[in-house]
Student: 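Before we start, here is the structure in question, set down as structure tokens.
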Amino acid sequence: MVSKITVKAPSSTANLGPGFDTFGLAIDAFYDEVTLTKTKKGITIVTDDNIPTNPENNTAGLVVKNMKKKLKIQNGVEIQIKKGIPAGFGMGSSAGSAAATAVAFSKLFNLKLSSNELVEFAGFGEKASAGTIHYDNVAASVLGGFVIVKTNPLNVISINSPTNLRMCVAVPKIGVPKKKTKVSRGVIPKKVKLTDSVQNLANASAIVAGFLNKDSELIGNSIQDVVVEPARKHMIPGFDKVKQNALKAGAYGVTISGAGPSVIAFSKNSFDLKKISSAMSRGFKSKNIDCQTIICKPSKGAIHQKK
């Protein structure tokens with residue numbers, strides 16, 4: 001019987017502009033690694049990173065707690081976490097750990113859970129950071145590629161990405177508030193104009209068509225959000241300049257990555273991604289903010305690391 005499993009899960013970007021709480025894309029910018037070991041009882045967390053070690057306040061801990069309870073697993077579990085995804089920067093950090101944990105738990109106890117079940121269990125981990133369960137990031141990290149999340153009942157649709165799709169993520173070196181996702185959800189308008197809703201719906205539909213037709217340009221050109229981005233961009237110093245610079249440098253589309261403050265630009269491999277990267281850096285520099293830029297592409301989902 002297997003007594004120890006290690007799984008690596010990718011970072012992700014949610015929303016892709018108009019697809020708020022619906023679209024997610026796994027990207028190979030960063031990875032989290034989780035190792036689960038069977039023990040006699042309880043849940044313990046081992047990590048060298050600055051994250052909560054109380055299972056009630058830890059993404060991976062909440063996933064294990066819920067899976068043990070709902071699937072009636074008697075064993076205890078030790079959770080070892082290596083964080084590679086920066087926390088609080090809109091790259092699906094909590095989702096990466098949650099996704100890796102759900103996949104590892106299923107493998108450790110040979111549960112053979114379906115994709116939807118894995119995503120649902122991983123979603124419990126989002127409560128630790130966002131205060132609510134949402135599935136866009138965890139679905140992308142579990143399954144890889146581009147995902148569309150339907151709820152009531154949960155059903156995740158997964159679509160392979162164009163092979164030439166590339167992104168550039170600019171991660172600004174600024175302080176982010178605790179429970180940042182919760183804070184950034186608080187600024188979203190409660191009511192939306194019908195014309196804005198229609199515009200976002202058209203753009204979101206075109207993004208799906210772009211992924212189905214493997215058309216990176218259509219995806220990028222459709223990443224336009226007139227509802228959430230305008231409400232959140234004030235939380236990212238220099239956002240307008242970063243976006244304007246990236247578009248001038250040849251990016252097809254630019255938006256906030258998840259709840260921010262990272263900004264993501266979409267292009268394809270024929271464009272000069274280094275030019276887009278430096279343009280985004282200059283945008284943040286206009287507000288005296290340094291940033292890390294990562295050129296990345298769509299990633300596969302959570303995978304078992306054989307050691």
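Here the structure is a predicted model, which is why all the values come from computation and not from measurement. What's counted below: heavy atoms across the whole structure, side chains too, no hydrogens, waters or symmetry copies.
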Student: Would you give me the side-chain donor-acceptor pairs under 3.5 Å for residues 156-177, sequence neighbours excluded?
Tutor:
unit_1: Asn164; atom_1: OD1; unit_2: Ser216; atom_2: OG; d: 2.6
unit_1: Arg166; atom_1: NH1; unit_2: Thr163; atom_2: O; d: 3.1

Student: Where is the tightest heavy-atom contact between Pro18 and Ile223, given as atom of each residue plus distance?
Tutor: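 Smallest interatomic distance, heavy atoms only, reads CD-CA, 4.3 Å.
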Student: Return the CD to OG distance between Gln224 and Ser222, rounded to the nearest 0.5 Å.
Tutor: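 Those atoms lie 7.0 Å apart.
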Student: As a quick check of understanding, evaluate side chain to side chain donor-acceptor pair (under 3.5 Å) for Glu229 and Thr255, giving each step before the final call.
Tutor: CA-CA 7 Å; Glu229 184 183 293; Thr255 192; 2.9 Å; yes
Student: So how far is it from Asp272 CG to Ser277 OG, rounded to the nearest 0.5 Å?
Tutor: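 Reported to 0.5 Å precision, the distance equals 8.5 Å.
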Student: Rounded to the nearest 0.5 Å, how far does CD of Gln305 lie from CD1 of Ile5?
Tutor: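 Reported to 0.5 Å precision, the distance equals 11.0 Å.
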Student: Tell me, please, which residues at least two apart from Phe211 pass ring pair (Phe, Tyr, Trp, His ring centres under 6.0 Å).
Tutor: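 Phe146.
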Student: For Tyr252, which residues count as a ring pair (Phe, Tyr, Trp, His ring centres under 6.0 Å) partner, sequence neighbours excluded?
Tutor: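 With sequence neighbours excluded, Tyr252 shows a ring pair (Phe, Tyr, Trp, His ring centres under 6.0 Å) to Phe271, given in chain and number order.
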Student: Taking all heavy atoms of Pro55 and all of Ile43, pick out the closest pair and write down the distance.
Tutor: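 Closest approach of Pro55 to Ile43: CG-O, 3.6 Å.
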Student: Could you work out the complete set of other residues in the hydrophobic cluster of Tyr31, with links drawn between I, L, V, M, F, W and Y side chains under 4.5 Å apart?
Tutor: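 None, because no other hydrophobic side chain comes under 4.5 Å of this residue.
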Student: What pairs with Asp21 under salt bridge (charged side-chain N to carboxylate O under 4.0 Å, His left out), at least two apart in sequence or on another chain?
Tutor: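 Only Arg185 meet the salt bridge (charged side-chain N to carboxylate O under 4.0 Å, His left out) criterion with Asp21.
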Student: Checking Thr53 side chain against Ile45 main chain: does a donor-acceptor pair fall under 3.5 Å?
Tutor: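 No, because the side chain of Thr53 does not come within donor-acceptor range (under 3.5 Å) of the backbone of Ile45.
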Student: Is there a path of hydrophobic side-chain contacts, each under 4.5 Å between heavy atoms of I/L/V/M/F/W/Y residues, joining Val192 to Ile188?
Tutor: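 Yes: a chain of side-chain contacts under 4.5 Å links Ile188 to Val192.
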Student: Do Phe124 and Val77 sit in one hydrophobic cluster, given that two such residues count as connected whenever their side-chain heavy atoms are within less than 4.5 Å of each other, even indirectly?
Tutor: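 Same hydrophobic cluster.
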Student: Show me the donor-acceptor pairs, under 3.5 Å and distance only, between side chains in residues 194-201 and residues at least two apart or in other chains.
Tutor:
unit_1: Asn200; atom_1: OD1; unit_2: Val226; atom_2: N; d: 3.0
unit_1: Asn200; atom_1: ND2; unit_2: Asp225; atom_2: OD1; d: 2.9

Student: For a 4.5 angstrom cut-off between non-hydrogen side-chain atoms, does Lys233 reach Asp240?
Tutor: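 A side-chain contact exists here, since the closest heavy-atom pair is under 4.5 Å.
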Student: In Å and rounded to the nearest 0.5 Å, what is the CG to CD1 distance from Leu273 to Ile294?
Tutor: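 With rounding to 0.5 Å, CG (Leu273) is 13.0 Å from CD1 (Ile294).
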Student: If you define the side chain from C-beta out and look only at heavy atoms, does anything of Ile236 sit under 4.5 Å from Phe284?
Tutor: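 In contact.
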Student: Look up atom CD1 in Ile85 and atom CD1 in Ile27, then write down how far apart they are to the nearest 0.5 Å.
Tutor: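 With rounding to 0.5 Å, CD1 (Ile85) is 9.0 Å from CD1 (Ile27).
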Student: Pairs in or reaching into residues 288-301: which pass salt bridge (charged side-chain N to carboxylate O under 4.0 Å, His left out), with residues at least two apart or in two chains?
Tutor: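 Qualifying pairs: Asp28-Lys297, Lys285-Asp290.
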Student: Tell me whether the count of non-hydrogen atoms from other residues, nucleotides or ligands lying under 6.0 Å of CG in Asn50 goes above 12.
Tutor: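 Open.
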Student: Kindly state each residue pair satisfying side-chain hydrogen bond (donor to acceptor under 3.5 Å, both in side chains) with at least one member in residues 8-17, sequence neighbours excluded.
Tutor: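 Only Ser12-Asn137, Thr13-Ser257 qualify under side-chain hydrogen bond (donor to acceptor under 3.5 Å, both in side chains).
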Student: Search all heavy atoms of Ala26 against all heavy atoms of Pro10 and return the closest pair with its distance.
Tutor: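 Closest heavy-atom pair between Ala26 and Pro10: CB-CG, 4.0 Å.
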Student: For residues Thr22 and Ile148, determine if any side-chain heavy atom of one lies less than 4.5 Å from a side-chain heavy atom of the other.
Tutor: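 SC-SC contact between Thr22 and Ile148 confirmed.
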Student: Taking C-beta and beyond as the side chain, do Asp32 and Ile81 meet within less than 4.5 Å on heavy atoms?
Tutor: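 When only atoms from C-beta onward are counted, Ile81 and Asp32 do not touch, as no gap falls below 4.5 Å.
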Student: Taking Phe239 as the starting point, is it possible to reach Met235 by hopping between hydrophobic residues whose side chains are less than 4.5 Å apart?
Tutor: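 No, because Met235 and Phe239 fall into different hydrophobic clusters, even though each may have its own neighbours under 4.5 Å.
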Student: Holding to side-chain hydrogen bond (donor to acceptor under 3.5 Å, both in side chains), I want the full list of residues that pass it with Ser93, two or more places apart in sequence or in another chain.
Tutor: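 Counting only residues at least two positions away or on another chain, Ser93 forms a side-chain hydrogen bond (donor to acceptor under 3.5 Å, both in side chains) with Lys83.
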Student: Keeping to residues at least two apart or across chains, list the side-chain hydrogen bond (donor to acceptor under 3.5 Å, both in side chains) pairs with something in residues 60-72.
Tutor: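 For residues 60-72, and leaving out neighbouring residues, the side-chain hydrogen bond (donor to acceptor under 3.5 Å, both in side chains) pairs sorted by first residue read Glu56-Lys65.
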Student: Determine yes or no for a side-chain-to-main-chain donor-acceptor pair under 3.5 angstrom, with Ser205 supplying the side chain and Asn203 the backbone.
Tutor: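 Not confirmed, Ser205 side chain does not pair with Asn203 backbone.
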Student: With a 4.5 Å cut-off on side-chain heavy atoms, are Phe109 and Leu71 touching?
Tutor: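 They are not in contact (no side-chain heavy atoms under 4.5 Å apart), so the answer is no.
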Student: Same cluster for Leu118 and Val149 if Ile/Leu/Val/Met/Phe/Trp/Tyr side chains link at under 4.5 Å?
Tutor: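 Yes: a chain of side-chain contacts under 4.5 Å links Leu118 to Val149.
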Student: I want to check something: taking the side chain as every heavy atom from C-beta on, are Val34 and Val7 in contact at a cut-off of under 4.5 Å?
Tutor: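 A side-chain contact is absent here, since even the closest heavy-atom pair is not under 4.5 Å.
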Student: By the side-chain hydrogen bond (donor to acceptor under 3.5 Å, both in side chains) test, which pairs, at least two apart or in different chains, include something from residues 107-123?
Tutor: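 Pairs touching residues 107-123 that pass the test: Asn110-Lys112, Ser114-Glu117, Asn116-Asn155.
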Student: Check the pair Val147, Tyr135 against side-chain contact (heavy atoms from CB on, under 4.5 Å), reporting the backbone distance first and the verdict last.
Tutor: CA-CA 10 Å; Val147 294; Tyr135 298 104; over 6 Å; no
Student: According to the salt bridge (charged side-chain N to carboxylate O under 4.0 Å, His left out) rule, which pairs have a member within residues 245-264, sequence neighbours left out?
Tutor: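 For residues 245-264, and leaving out neighbouring residues, there are no salt bridge (charged side-chain N to carboxylate O under 4.0 Å, His left out) pairs at all.
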Student: So how far is it from Glu78 CD to Thr37 OG1, rounded to the nearest 0.5 Å?
Tutor: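 Rounded to the nearest 0.5 Å, the CD-OG1 separation comes out at 5.0 Å.
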Student: Are Ile73 and Leu111 packed together at the side-chain level, in the sense that at least one heavy-atom pair is separated by less than 4.5 angstrom?
Tutor: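 Sidechains of Leu111 and Ile73: in contact.
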Student: Carefully, step by step, assess Val63 and Phe105 under the rule side-chain contact (heavy atoms from CB on, under 4.5 Å).
Tutor: CA-CA 9 Å; Val63 173; Phe105 193 98; 5.9 Å; no
Student: Can you find a heavy atom in the side chain of Val138 that is under 4.5 Å from one in the side chain of Phe121?
Tutor: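 No, their side chains stay 4.5 Å or more apart.
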Student: Are Val64 and Val119 joined in one hydrophobic group, where the rule is that I, L, V, M, F, W and Y side chains link up if heavy atoms are under 4.5 Å apart?
Tutor: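 Cluster IDs for Val64 and Val119 match.
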Student: Restricting to non-hydrogen atoms, name the atom on Ala302 and the atom on Ala99 that form the minimum distance, rounded to 0.1 Å.
Tutor: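 Heavy atoms only, the tightest pair is CB-O, 4.4 Å.
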Student: Please name the pair of heavy atoms, one in Pro189 and one in Ala231, separated by the smallest distance, quoted to 0.1 Å.
Tutor: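 Heavy-atom minimum between the residues: CD-CB, 3.7 Å.
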Student: Starting from the C-alpha separation in whole Å, work towards a yes-or-no answer on side-chain contact (heavy atoms from CB on, under 4.5 Å) for Thr6 and Glu33.
Tutor: CA-CA 7 Å; Thr6 299; Glu33 189 178 277; 3.5 Å; yes
Student: Please give me the minimum heavy-atom distance between Ser106 and Met67, naming the atom from each residue.
Tutor: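 It is N-CE, 4.4 Å.
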Student: Stepwise, does the side-chain contact (heavy atoms from CB on, under 4.5 Å) test hold for Val263 with Lys243?
Tutor: CA-CA 8 Å; Val263 180; Lys243 181 172 181 173; 5.6 Å; no
